[in-house]
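Report on the following structure.
In what follows, chains carry the letters A, B, and so on, assigned in the order in which the sequence lines appear, proteins first and then strands, with residues in each chain numbered from 1. Quantities reported herein were computed from a predicted structural model and do not represent experimental measurements.
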Number of protein chains: 2
Amino acid sequence: MKISLVAGEPIGQPCADCGIRCFSVCAALDKAELRELEHLGRHIHFVSCETVFGQEELTTSVYNLLEGVMRLYKLLPDGRRQIVGFALPGDFLGMTTSARHSFSADAIGAVAVCRFSRTSFARFIEDKPHLLRRINELAIRELSRAQDHMVLLGRRSAEEKVATFLLNWRDRLVQLRGPANTVPLPMSRQDIADFLGLTIETVSRTFTKLERDRVIGIQPGSVCLLDTARAEAMAAA
Amino acid sequence: MKISLVAGEPIGQPCADCGIRCFSVCAALDKAELRELEHLGRHIHFVSCETVFGQEELTTSVYNLLEGVMRLYKLLPDGRRQIVGFALPGDFLGMTTSARHSFSADAIGAVAVCRFSRTSFARFIEDKPHLLRRINELAIRELSRAQDHMVLLGRRSAEEKVATFLLNWRDRLVQLRGPANTVPLPMSRQDIADFLGLTIETVSRTFTKLERDRVIGIQPGSVCLLDTARAEAMAAA
DNA sequence: GGCGGTCCTTGATCTGCATCAACCGGTAAA
DNA sequence: TTTACCGGTTGATGCAGATCAAGGACCGCC
């Protein structure tokens with residue numbers, strides 16, 4: 001929960017060589033614009049559990065996630081937590097119209113971000129409708145994901161929740177790093193519980209049950225999807 | 001659940017006189033642009049429970065809600081329903097990047113919308129970054145609402161859910177029509193249940209309990225907030 | 001090696017909400 | 001007027017998942 005105090009190093013490597021550019025907002029930019037953007041951003045690194053920004057903090061920056069995974073969550077006054085999403089490389093964070101962040105974001109494992117001052121980024125956007133369109137696209141995709149998640153939270157059983165989560169998470173990783181049967185789970189069981197609206201015990205029990213039923217194999221830090229068809233049936237029904 | 005087959009009448013009244021313009025996307029437009037827009041849109045009316053567009057239907061149009069209330073919902077194959085939101089005048093619907101709608105929308109009571117063909121609206125936007133920015137703004141507001149709702153669905157008790165719903169709904173109506181203690185509830189108990197991730201019985205019981213506790217007064221089609229402070233305490237905690 | 005800590009799993013019990021079922025009041029059709 | 005229906009309420013019971021409690025695996029540290 002420490003807050004990083006470093007300003008970050010300038011973007012050294014040209015944005016044109018950025019590995020996740022095609023997934024990020026920057027996909028909308030041409031070479032000249034990328035070079036311009038290089039001067040505005042700073043690379044910052046966070047270690048596991050460090051907070052990138054907190055709920056109610058002023059929104060001074062926007063962030064482009066380069067590497068690692070982040071949890072985005074809201075806390076109720078009494079400590080109950082709801083994780084509203086996990087961010088992966090290419091995700092664009094801190095885009096909000098309000099003066100304060102409406103959720104907190106912290107690192108799950110080591111994280112690298114590209115940080116931009118909100119004002120300078122806003123100025124950069126101003127005459128670039130294609131970039132604005134790209135940002136809009138990402139926001140709408142995020143909204144659609146949020147709506148899907150509402151269905152999950154409001155109307156699905158624990159088993160359905162877990163199965164759906166594993167499949168969706170796998171799909172996002174496949175998108176990024178290509179096909180693979182084994183699904184890394186860098187987040188803790190508590191994180192998964194707080195994402196799915198369950199308790200850690202129920203998540204653990206459900207994992208165990210899925211393993212007993214030979215749907216998944218549990219490994220430290222990951223699971224292996226053994227019976228995708230059955231998992232999909234659980235997630236769909 | 002009938003589908004309206006009428007093409008709709010042309011927008012007669014000038015958009016400049018539109019009562020909800022300041023709440024809608026059109027707030028971003030100047031007089032000349034409004035006049036241009038008048039030629040692109042059609043007014044369409046729907047009666048109660050008519051479907052404006054359905055999940056999986058092709059996204060041929062976008063809609064500006066002028067009058068009335070709509071429920072936006074997703075259905076699971078087995079019939080479980082999650083209402084992802086209620087739309088009020090000024091809300092902009094059908095904005096999606098995908099070819100098909102990801103949820104259904106139907107009228108709660110009589111509804112009037114301004115419909116635009118998706119392609120002609122896209123063309124209209126093209127050289128109007130201020131409009132795009134406005135759309136982006138609405139999308140981000142919607143996303144933020146969705147995230148709040150995830151917390152409600154995942155982490156709150158039935159009583160908290162109902163209290164929060166009543167307060168939020170009141171706030172949206174106040175925004176639109178000014179202060180009032182009595183909160184109209186045009187949607188059914190089943191709608192409220194499907195919005196809050198509860199059953200109709202639990203919603204009904206919770207309403208009754210809040211009435212017994214003198215927090216609300218139940219009237220046909222509306223409730224009266226008697227003890228706002230206590231309701232807010234329930235919603236916050 | 002022993003110790004404390006964190007994360008995860010497992011078991012026993014409890015409970016909030018779902019489910020099942022009946023009923024009530026208003027309205028519209030017969 | 002009677003009947004049927006629909007939306008809402010209320011009561012009795014059941015159960016999925018929460019809560020409480022304990023123990024195991026793994027880690028870094030002394």
Problem set entry | Distance-only donor-acceptor check, side chains A:Asp91 and A:Tyr63, under 3.5 Å | no
For this session: For the residue pair B:Glu201 and B:Ser204, confirm or rule out a side-chain donor-acceptor distance under 3.5 Å.
Result: no
For this session: For DNA chain D, note the earliest and the latest nucleotide, 5' to 3', having some atom under 4.0 Å of a heavy atom belonging to chain B.
Result: D:dG8 to D:dA12
Exercise. Of all residues at least two apart in sequence or in a different chain, which pass the side-chain hydrogen bond (donor to acceptor under 3.5 Å, both in side chains) check with A:Arg80?
Worked result: A:Asp78, B:Glu160
Problem set entry | Contacts of A:Asp213 that satisfy side-chain hydrogen bond (donor to acceptor under 3.5 Å, both in side chains) - sequence neighbours left out | A:Lys209
Problem set entry | B:Asp171: partners by salt bridge (Lys or Arg N to Asp or Glu O under 4.0 Å), with sequence neighbours left out | none
Problem set entry | Qualifying residues under salt bridge (Lys or Arg N to Asp or Glu O under 4.0 Å), relative to B:Arg145, sequence neighbours excluded | B:Glu142
Exercise. Ring centroid separation for B:Phe86 and B:Phe195, is it under 6.0 angstrom?
Worked result: yes
Exercise. Can you list, by residue number, the residues of residues 146-158 of chain A that have a non-hydrogen atom closer than 4.0 angstrom to DNA chain D?
Worked result: A:Ser157, A:Ala158
List the residues meeting side-chain contact (heavy atoms from CB on, under 4.5 Å) with [X], not counting sequence neighbours, and say none if there are none.
X: A:Gln190; value: A:Arg81, A:Ser188, A:Ala193, A:Asp194, A:Ile200
X: A:Ala112; value: A:His45, A:Leu66, A:Glu67
X: B:Ser144; value: A:Ser102, B:Asp148

To the nearest angstrom, how far is [X] atom [atom1] from [N] atom [atom2]?
X: B:Gln190; N: C:dT19; atom1: CD; atom2: C1'; value: 13 Å
X: B:Arg189; N: C:dG26; atom1: CZ; atom2: P; value: 15 Å
X: A:Ile192; N: C:dT9; atom1: CD1; atom2: P; value: 9 Å
X: B:Gln219; N: C:dG26; atom1: CD; atom2: C1'; value: 17 Å

Problem set entry | Residues A:Tyr73, A:Asp191; criterion side chain to side chain donor-acceptor pair (under 3.5 Å); working and verdict | CA-CA 10 Å; A:Tyr73 59 96; A:Asp191 287 338; over 6 Å; no
Exercise. What is the nucleic acid contact for B:Gly221, judged by heavy atoms within less than 4.0 Å: base, sugar-phosphate only, or nothing?
Worked result: nothing
For this session: Identify, residue by residue, the members of residues 199-209 of chain B with a heavy atom below 4.0 Å from DNA chain C, and return them in order of residue number, or none.
Result: B:Thr199, B:Glu201, B:Thr202, B:Arg205
For this session: For residues 216-229 of chain B, pull every pair meeting salt bridge (charged side-chain N to carboxylate O under 4.0 Å, His left out), keeping only residues two or more places apart or in separate chains.
Result: B:Asp227-B:Arg230
Exercise. Between B:Asn168 and B:Phe165, is there a donor-acceptor pair closer than 3.5 Å when you use the side chain of the first and the backbone of the second?
Worked result: no
Please write out the pairs of protein N or O atoms and N or O atoms of nucleotides 23-25 of chain C separated by less than 3.5 Å, giving the distance to one decimal.
none

